[in-house]
Amino acid sequence: MDVLHNLAFGFEHALTLQNLLFCAIGCTVGTLVGLLPGLGPLATISLLLPLTYSIPTGGALIMLAGIYYGAQYGDSVSAITMKIPHASSIVACIDGYAMTLKGKTGLALFTAGVSSFIGGTVAIIVLAWLAPQLGEVAFLFGPADYCALMLVGFVCVSFVTTGSLLNGLAMCLVGVLLGQIGTDVNSGMPRYTFDLPFLADGVGLVSVALGCFGIAEITKNLDEKEERSPFNGKIKLMPTWPEFKRIIPSALRGSAIGSFLGILPGGGPVIAQFAAYAVDKKFSKYKDEIGTGAIEGVAGQAAADEAAARTSFIPLMSIGIPENAVMALMMAAFIIKGIQPGPNMIAGHPDLFWGLVASMWVGNVFLLVLNVPLVRYWLSVFKIPYNVLFPAILFFCCIGTYSVNNNLDDVFITAAFGLGGYMFMRLGLDAAPLMLGFILGPMLEENFRRAMLLSRGHFDAFVTRPISGTLIGLIVLFVAWQIIAFVLKARRSGGNKPAAEPLVAEQLTGGK
C-alpha cells in the first residue's frame, strides 16, 4: 500500500500541466533524436543541459529522462526501416529489417511500439517497488563478476548470428580487436593506430554502426540489377490476434531481462537487447523463424531496450552511481539543481523521486500515442523511389557521423566500414556479432585488468567469487551442451560417415 500511496503522490506532480508539457517535449525530441543517424540521447542531453538552469527542477529532469527513453523507440524506427542502428537497436536490424523486406514494415513498427510500452511499464513497476533494494545489487558486482557478465554477452553470439557459429565468433573477435584501437588508458601507448593521429582516440561506435549496417545496405541495394524498394506490398499495421499472442510472451521475457540488466553498470540496453534475442531464439515457440523476419525478434529486443533504459535510473537515484554516460549527464542535471542523488534522495526529495517515476509511465503513454499513429507517416516518407531516397540517407549518415566530433576523418572511417560491411554481406557474414564484440571488448579488457590487480594476478578470483563463478559455470555448461547437441544432430542427420562429413562441414561454415 505504501508503494501505491507513493505512486499516487508521484502522479500528483507528474500530471501537472507544466510537467506534462515537459514530458511531451522530451518524448518528442527523443523520438526525433533516435531517428537521425549518429545523433543520440547523449549528445542531445549534453547540448540541452545548460537549459536546465532556466527550467523548474521537476520539469527539467522529466524532460531529460523523456529524451533518453524516447530515443530508444526512435532508434528502432531507423533500424527497422533503413537498417541504420544506434547502439541500443543493433538487434532490431536483424528481424526488423527482414520484416521490412517482406513488406511488413508497419507491423514491425507497431510491434516495436507496443513492446516498448510493455517493457517500459514492467520496468516502472520494478522501479517503484524495488528501487531502494535493487540499487544495492550493483554493490555486489566486482570486476571479475563484470568480466563474467561480458562473457555471457559473447555467448549470445551463437543465437544472434544468422550464419554459422564459427563465423559469428570470428566476427565477434574482429569487433573486439577493433575496440582495442586507440590509446591504452593504463600505459598511454597507442595501439593499432598505424601512426595515424585520427585513430588515437579509437574508432567511434557511430562510424562502425552506420558503416557496417547503413552504408553497406545501401551499397548492396544499388548493386542489385533490379531496383528494389524495401516497402513492397500492402501496408499492414495492426497485427492479427495470433500475431498479437506471439508478441506478448516475447515482450514480457524481454521486459524481465531488460529490467534486471538495466540495473547493472555496463549492462543497460546494449547487452539487454542481445540477451533478450538469445532467450527468444532458444525458448520461443517460433524460434526457427527468428532471424528471418519474426515478430519475436522485434518484440523481445524492443521491450528489453525500453525496460533497461528505465531501470538504469535505479543505481543513480538509489545509490548515486551513474551506470553509463547518459546517467552521468542526468547526475549532472541533478547536481545543477542542488540535489545529490543517492540513498537520501527518496526521503529528502520524495516529490522529485516519485514524480520522475510516475512521469516515466506518462511518457510511456505519450510514446505509444505519438508513435503508433505516426507509423503510416514514416512509411509514406519511404515510399520515395530508392534512387532518390538513398542520397538523402547517405547525406544524413555523413552529417550524423560528422556531428559527433566535428571531424571529417570520421566520415572517411564510416565510408571504410561501409565498404567492409558490404564485403561481409557478399561473404555471407553477419555484422551484428562484430558490433557486440566492439561494444563489449573494451569493457571486458578494463574489468579484466581490474580483477587481475585486485587478485594479484591469480585467475582463481573468477571462480571463487559466487557471482562470477556461477556465470562462468553456466557458460561452461552452455558450451558443453551446444557441442553435445551439435554432435547428436550430426549423427542423426548423417546416417553414415560419408554423408555425415559434408553435413558437419556445412554446419560449421553456414552452408557456404
Side-chain angles (χ1 to χ4, degrees), residues 87-88 90-91 137-161 163-180 185-186 205 254 256-258 260-283 300-301 304 308 323-324 430-455 457-486:
S88 61
I90 296 168
V91 175
V137 171
F139 281 132
L140 301 178
F141 275 70
D145 305 318
Y146 287 123
C147 278
L149 183 63
M150 301 301 138
L151 292 177
V152 170
F154 287 127
V155 169
C156 294
V157 168
S158 60
F159 293 103
V160 173
T161 182
S164 70
L165 176 59
L166 289 182
N167 288 345
L169 291 174
M171 291 294 287
C172 191
L173 179 59
V174 171
V176 172
L177 294 176
L178 289 173
Q180 307 307 308
V185 295
N186 290 324
L205 175 62
I257 294 169
F260 174 71
L261 291 178
I263 302 169
L264 305 177
V270 175
I271 295 184
Q273 60 176 320
F274 283 95
Y277 191 84
V279 171
D280 271 329
K281 204 166 184 181
K282 185 61 188 173
F283 296 103
Q301 72 84 28
E323 69 148 37
N324 54 44
D430 192 358
L434 182 147
M435 292 301 304
L436 178 65
F438 182 79
I439 294 170
L440 296 186
M443 290 191 289
L444 177 64
E445 179 192 15
E446 180 182 355
N447 285 287
F448 178 78
R449 285 182 168 183
R450 290 177 180 174
M452 287 290 95
L453 288 173
L454 293 175
S455 65
H458 296 291
F459 288 92
D460 57 358
F462 293 95
V463 293
T464 55
R465 289 183 58 87
I467 297 177
S468 60
T470 301
L471 292 176
I472 290 177
L474 292 175
I475 292 172
V476 172
L477 290 176
F478 172 79
V479 173
W481 175 76
Q482 286 281 76
I483 294 174
I484 293 172
F486 170 75

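Bear in mind the structure is a predicted one, so any value in this text is a computation, not a measurement.
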* Asked: Hey, is the main chain of Gln301 close enough, under 3.5 Å, to the side chain of Gln273 for a donor-acceptor pair?
  -> no
* To do: Keeping the roles fixed (side chain from Ser468, backbone from Phe462), state whether a donor-acceptor pair exists under 3.5 Å.
  => yes
* To do: Would you sort out whether Val152 and Leu474 count as a side chain to side chain contact (heavy atoms under 4.5 Å, CB included), showing the intermediate values?
  => CA-CA 9 Å; Val152 170; Leu474 292 175; over 6 Å; no
* Asked: Which word best sums up how the rings of Phe459 and Phe448 line up, parallel for under 30°, tilted for 30 to 60°, or perpendicular for over 60°?
  -> tilted
Separation between [atom1] of [X] and [atom2] of [Y], rounded to the nearest 0.5 Å:
X      : Y      : atom1 : atom2 : answer
Phe478 : Lys282 : CZ    : NZ    : 7.0 Å
Arg449 : Met452 : CZ    : CE    : 12.5 Å
Asn447 : Leu151 : CG    : CG    : 10.5 Å
Ile472 : Leu149 : CD1   : CG    : 11.5 Å
Tyr146 : Glu446 : OH    : CD    : 11.0 Å
Ile271 : Phe260 : CD1   : CZ    : 11.0 Å

Which heavy atom of [X] sits nearest to which heavy atom of [Y], and what is that distance?
X      : Y      : result
Ile257 : Ala272 : CG2-O, 4.2 Å
Ala461 : Ser455 : CB-CB, 3.7 Å
Leu261 : Ala275 : CD1-CB, 3.8 Å
Ala451 : Pro143 : N-CB, 3.6 Å
Asp280 : Gly300 : OD2-CA, 3.4 Å
Arg465 : Ala144 : CD-CB, 4.0 Å

* How far apart are the C-alpha atoms of Leu434 and Leu178, what are their side-chain angles, what is the distance that settles it, and do they pass the side chain to side chain contact (heavy atoms under 4.5 Å, CB included) test? -> CA-CA 9 Å; Leu434 182 147; Leu178 289 173; 4.2 Å; yes
* Is there a side-chain contact between Val176 and Phe438 (heavy atoms, below 4.5 Å)? -> no
